[in-house]
Protein chains: 2
Amino acid sequence: MNKMHKEHNLSKNQQIIFDIINKSPEPLKAYTILFNVQKKGIKAPLQVYRALDKLVEIGKIHKIESRNAFIACHNSSCQVAKATAFSICEICEKVTEISSAGLSKYLANFKDKDGMKYSKYNLEFFGLCKKCR
Amino acid sequence: MNKMHKEHNLSKNQQIIFDIINKSPEPLKAYTILFNVQKKGIKAPLQVYRALDKLVEIGKIHKIESRNAFIACHNSSCQVAKATAFSICEICEKVTEISSAGLSKYLANFKDKDGMKYSKYNLEFFGLCKKCR
DNA sequence: AACGCTGTGTAATAATATAACATTAATAAG
DNA sequence: CTTATTAATGTTATATTATTACACAGCGTT
């Protein structure tokens with residue numbers, strides 16, 4: 001089983017929850033998702049959180065830490081679940097995933113005072129989006 | 001006394017809570033703080049959260065978003081609570097504030113695809129600290 | 001069949017954070 | 001000094017976010 005890219009066949013719950021996040025124009029919170037999937041038989045928070053955990057792990061979605069919300073990855077299947085950057089509008093709360101080769105290169109190579117490099121990072125920029133300015 | 005910037009005279013509750021965070025070698029969570037200050041007459045979560053909000057606002061402490069925990073600012077350059085960077089050890093959970101002129105300059109000047117600059121950012125690096133490697 | 005692994009279902013509860021309202025302290029303006 | 005205004009406090013209740021614990025089902029491997 002030597003595949004370059006392991007295909008993650010999503011399970012039923014994972015697929016349901018991914019679809020909802022993927023279709024949403026804005027980050028969704030866990031309990032918002034729960035509310036939206038109760039008609040599909042997912043009744044308990046844990047069912048949602050388990051799917052979210054897995055989806056984050058495999059890079060299909062990202063968690064916006066400052067908002068406790070989840071957004072689908074649109075970076076052509078972020079093999080970089082480990083290197084995420086977002087811009088967040090402080091008025092309308094619009095969140096956009098930043099994909100900048102320069103930025104990711106800079107951060108991936110960043111070394112601290114002790115020369116230590118890091119395996120993972122999350123960056124959140126805040127400001128006002130075009131509309132809100 | 002060297003006053004480069006406006007002194008914020010902390011209120012009673014703010015001072016109590018800042019002292020605890022400032023003395024702690026590790027980030028503290030709101031309810032950990034609450035338990036630790038109940039002997040000093042602070043009884044309710046809201047009293048803690050209000051002090052935390054204020055302390056974050058004036059840059060005396062920072063919130064580690066991925067951990068829901070608070071750490072004192074030891075970086076003379078970030079009286080601005082607007083540009084924060086941390087390294088987090090995924091094993092021992094040690095958190096260190098990064099102060100790198102290069103990094104902060106790079107991020108402060110970062111423009112996205114639309115040429116937009118941001119007023120604020122928070123960056124969290126993850127990896128293993130020296131001890132844990 | 002027995003095992004290990006992943007996923008599911010359910011109930012209960014823990015942990016994190018805010019709303020609403022009343023009061024008091026500190027500061028600024030007349 | 002007095003009043004207006006803002007900042008901080010105290011208290012109760014509640015909202016929001018997330019996990020623990022336990023039972024079981026499906027599937028591929030041994």
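Just so it is clear: chains get the letters A, B, ... in the order the sequence lines come, proteins before strands, and each one is counted from 1.
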Worksheet item: Linking Ile, Leu, Val, Met, Phe, Trp and Tyr by side-chain heavy atoms under 4.5 Å, what else ends up with B/L103?
Response: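 For the cluster that includes B/L103, the remaining residues are A/I98, A/L103, A/Y106, A/L107, A/F110, A/M116, A/Y118, A/Y121, A/L123, A/F125, B/I98, B/Y106, B/L107, B/F110, B/M116, B/Y118, B/Y121, B/L123, B/F125.
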
Worksheet item: Apart from A/I91 itself, what residues make up its hydrophobic cluster, given side-chain heavy atom links below 4.5 Å?
Response: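 When side chains under 4.5 Å apart are linked, the cluster holding A/I91 also contains A/L128.
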
Discussion item. I'd like to check the salt bridge (charged side-chain N to carboxylate O under 4.0 Å, His left out) partners of B/K63; sequence neighbours left out, ordered by chain and number.
Written reply: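 None.
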
Worksheet item: Can you list the residues that meet the salt bridge (charged side-chain N to carboxylate O under 4.0 Å, His left out) rule with A/K117, with sequence neighbours excluded?
Response: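 For A/K117, no residue satisfies salt bridge (charged side-chain N to carboxylate O under 4.0 Å, His left out) once neighbours in sequence are set aside.
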
Worksheet item: Do the side chains of A/F70 and A/I16 join up, straight or via other hydrophobic residues, at under 4.5 Å, putting them in one cluster?
Response: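 Yes.
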
Fill in: Distance, rounded to the nearest Å, where A/N9 contributes CG and D/dG28 contributes P
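Going from CG in A/N9 over to P in D/dG28 covers 12 Å.
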
Worksheet item: Considering residues at least two apart in sequence or located in another chain, which fulfil the ring pair (Phe, Tyr, Trp, His ring centres under 6.0 Å) criterion with A/F18?
Response: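 For A/F18, no residue satisfies ring pair (Phe, Tyr, Trp, His ring centres under 6.0 Å) once neighbours in sequence are set aside.
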
Item to complete: Quick one, give me the B/S/- string for nucleotides 9-19 of chain D, reading 5' to 3', where B means a protein heavy atom under 4.0 Å from the base and S means that only happens at the primed atoms, P, OP1 or OP2.
Response: BBBB----BBB

Practice prompt. Under 4.0 Å from any heavy atom of chain B: name the first and the last nucleotide of DNA chain C that qualifies, 5' to 3'.
Written response: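 Contact span on the strand: C/dT16 to C/dA20.
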
Under 3.5 Å, side-chain donor or acceptor atoms of residues 29-49 of chain B against the rest of the protein: list the pairs with distances, not counting sequence neighbours.
from  : atom 1 : to    : atom 2 : distance (Å)
B/K29 : NZ     : B/R67 : O      : 3.3
B/N36 : ND2    : B/T32 : O      : 2.8
B/Q47 : OE1    : B/K43 : N      : 2.9
B/Q47 : OE1    : B/A44 : N      : 2.9

Discussion item. If the helix axis at each end comes from five base pairs, how far does the helix from C/dA1-D/dT30 to C/dG30-D/dC1 deviate from straight, to 10°?
Written reply: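 One end axis against the other gives 30°.
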
Residue list, side chain to side chain contact (heavy atoms under 4.5 Å, CB included) with [X], at least two apart or on another chain:
{"X": "A/T96", "value": "A/S87, A/K94"}
{"X": "B/K131", "value": "B/C129"}
{"X": "A/K120", "value": "A/K82, B/E90, B/F126"}

